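See structure below.
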Amino acid sequence: MAGQIPDLIAEARTGTGKGAARQARRDGMVPGIVYGGGADPLPINLPFNKLLTTLRAGRFMSTLFNMKVEGQEDVRVICRSVQRDVVKDLPTHVDFMRLKRTSRVNLFIPVEFENEEAAPGLKKGGVLNAVRPEVELVVTAGDIPEKLTVDLSGLDIGDTVTISSITLPEGAKPTIDRDFVIANISAPSGLRAADDAAEGEDVAADEVPTAGEEEAAEE
């Protein structure tokens with residue numbers, strides 16, 4: 001059930017305090033700390049360029065990582081704080097929290113659509129609108145789904161897929177406490193334009209006075 005958890009490679013940092021942190025930055029590293037999980041805090045250094053790339057990819061604060069530190073067992077972590085330079089907005093320190101397999105965590109899970117060929121609405125030229133390509137769920141760290149699957153079989157133009165129509169992994173729960181929309185199938189633009197034109201004609205016809213109305217107006 002669990003998807004691929006990205007690796008985050010770090011090295012143990014010798015020494016603590018501002019001096020060691022400044023030296024790490026001079027060496028092209030970003031100092032950090034890993035805490036929690038019933039173990040002692042572990043000072044670490046992360047390669048600056050790799051960390052910056054990962055940060056810019058998005059969802060850093062809600063992504064579960066498999067942290068690899070030489071001489072240490074791999075551990076699942078989630079970022080809890082990124083300190084940045086106030087001028088350059090670049091990372092200067094990162095805090096991570098260890099997670100047990102039974103820990104609960106908020107993560108964004110991608111949505112995948114299948115059986116598009118079995119959707120009458122799409123065969124008619126309808127357009128699939130993915131309102132939420134990702135859904136934030138509360139999940140167990142040891143059972144993270146790789147994706148959520150939406151079956152489009154039988155869906156026609158105007159049909160909507162909500163979160164209640166998706167089978168979630170056991171123990172997973174959306175962070176939004178309502179039945180929100182995941183996707184819908186809308187009419188093709190040509191058909192929508194024709195419908196809008198027809199509605200405009202109907203309105204215009206309703207606004208044209210009849211002969212009786214014209215006579216009454218003249219009196």
Side-chain angles (χ1 to χ4, degrees), residues 1-9 50-68 74-80 82 96-199:
M1 193 69 184
Q4 290 294 321
I5 300 175
D7 287 338
L8 195 61
I9 300 175
K50 178 63 177 177
L51 176 61
L52 188 60
T53 299
T54 308
L55 280 169
R56 288 176 172 171
R59 305 295 190 200
F60 188 79
M61 298 288 291
S62 59
T63 298
L64 186 68
F65 293 101
N66 178 52
M67 179 165 285
K68 304 175 77 70
D74 291 3
V75 61
R76 293 185 177 188
V77 300
I78 190 166
C79 181
R80 280 295 174 248
V82 179
F96 294 94
M97 184 175 69
R98 298 183 186 94
L99 294 175
K100 299 179 180 178
R101 294 187 64 83
T102 55
S103 298
R104 304 278 286 171
V105 62
N106 291 21
L107 293 177
F108 283 90
I109 307 299
V111 176
E112 183 176 282
F113 301 93
E114 64 179 17
N115 295 327
E116 295 186 19
E117 70 284 354
L122 297 180
K123 288 183 177 180
K124 296 174 184 176
V127 178
L128 175 63
N129 297 315
V131 179
R132 291 181 184 271
E134 295 179 314
V135 175
E136 188 178 16
L137 300 178
V138 181
V139 297
T140 304
D143 191 23
I144 299 172
E146 181 177 0
K147 60 189 176 183
L148 299 180
T149 302
V150 175
D151 187 353
L152 299 175
S153 299
L155 295 185
D156 210 336
I157 291 175
D159 286 345
T160 298
V161 178
T162 61
I163 189 64
S164 63
S165 61
I166 298 179
T167 301
L168 298 178
E170 185 176 355
K173 180 182 178 182
T175 58
I176 300 175
D177 192 21
R178 58 180 171 80
D179 193 19
F180 54 88
V181 174
I182 300 296
N184 59 57
I185 297 181
S186 62
S189 57
L191 182 57
R192 290 198 299 272
D195 289 343
D196 292 342
E199 289 179 5

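Note that the coordinates shown come from a computational prediction; the quantities given were computed from them, not determined experimentally. Residue numbers count from 1 along this sequence.
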Rounded at 0.5 Å granularity, tell me how far [atom1] in [X] sits from [atom2] in [Y].
| X | Y | atom1 | atom2 | answer |
| --- | --- | --- | --- | --- |
| Asp74 | Asn66 | CG | CG | 4.5 Å |
| Thr149 | Asn115 | OG1 | CG | 10.0 Å |
| Phe113 | Asp151 | CZ | CG | 11.5 Å |
| Lys173 | Thr140 | NZ | OG1 | 12.5 Å |
| Leu8 | Met67 | CG | CE | 4.5 Å |

Quiz item: Would you find a donor on one side and an acceptor on the other, under 3.5 Å apart, between the side chain of Arg76 and the backbone of Ala141?
Solution: yes

Quiz item: Are the side chain of Thr63 and the backbone of Arg59 linked by a donor-acceptor contact shorter than 3.5 Å?
Solution: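 Answer holds: yes.
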
Heavy-atom side-chain proximity of [X] to [Y] below 4.5 angstrom:
| X | Y | value |
| --- | --- | --- |
| Pro174 | Leu168 | yes |
| Asp179 | Ile163 | yes |
| Leu128 | Leu155 | no |
| Val135 | Phe180 | yes |
| Met61 | Val82 | yes |
| Ile109 | Ile144 | yes |
| Leu148 | Ile182 | no |

Partners of [X] by salt bridge (Lys or Arg N to Asp or Glu O under 4.0 Å), sequence neighbours excluded?
| X | result |
| --- | --- |
| Asp7 | none |
| Lys124 | Asp156 |
| Asp159 | none |
| Lys123 | none |

Quiz item: Is there any salt bridge (charged side-chain N to carboxylate O under 4.0 Å, His left out) pair reaching into residues 97-119, and which pairs are they, with sequence neighbours excluded?
Solution: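 The answer is Glu112-Lys147.
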
I need the minimum non-hydrogen distance between [X] and [Y], along with the two atoms involved.
| X | Y | answer |
| --- | --- | --- |
| Ser62 | Phe108 | OG-CD1, 3.3 Å |
| Pro188 | Gly125 | CB-O, 3.2 Å |
| Ala183 | Ala130 | CB-CA, 4.1 Å |
| Ala119 | Ile185 | CB-CD1, 4.4 Å |

Quiz item: Hey, mind stepping through Val105 and Val139 against side-chain contact (heavy atoms from CB on, under 4.5 Å) and telling me if it holds?
Solution: CA-CA 6 Å; Val105 62; Val139 297; 4.1 Å; yes

Quiz prompt | Reference residue Asn184; test side chain to side chain contact (heavy atoms under 4.5 Å, CB included); the match among Ile157, Asn129, Thr162 | solution =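 The single option meeting the side chain to side chain contact (heavy atoms under 4.5 Å, CB included) with Asn184 is Asn129.
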
Self-check item: Flag if over 12 foreign heavy atoms under 6.0 Å of CG, Asp177
Solution: no

Quiz item: Which residues pass the ring-ring contact (aromatic ring centres under 6.0 Å, His included) test with Phe65, sequence neighbours left out?
Solution: Phe60

Quiz item: Is there a donor-acceptor contact under 3.5 Å linking the side chains of Thr175 and Asn106?
Solution: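 No, no side-chain donor-acceptor contact under 3.5 Å.
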
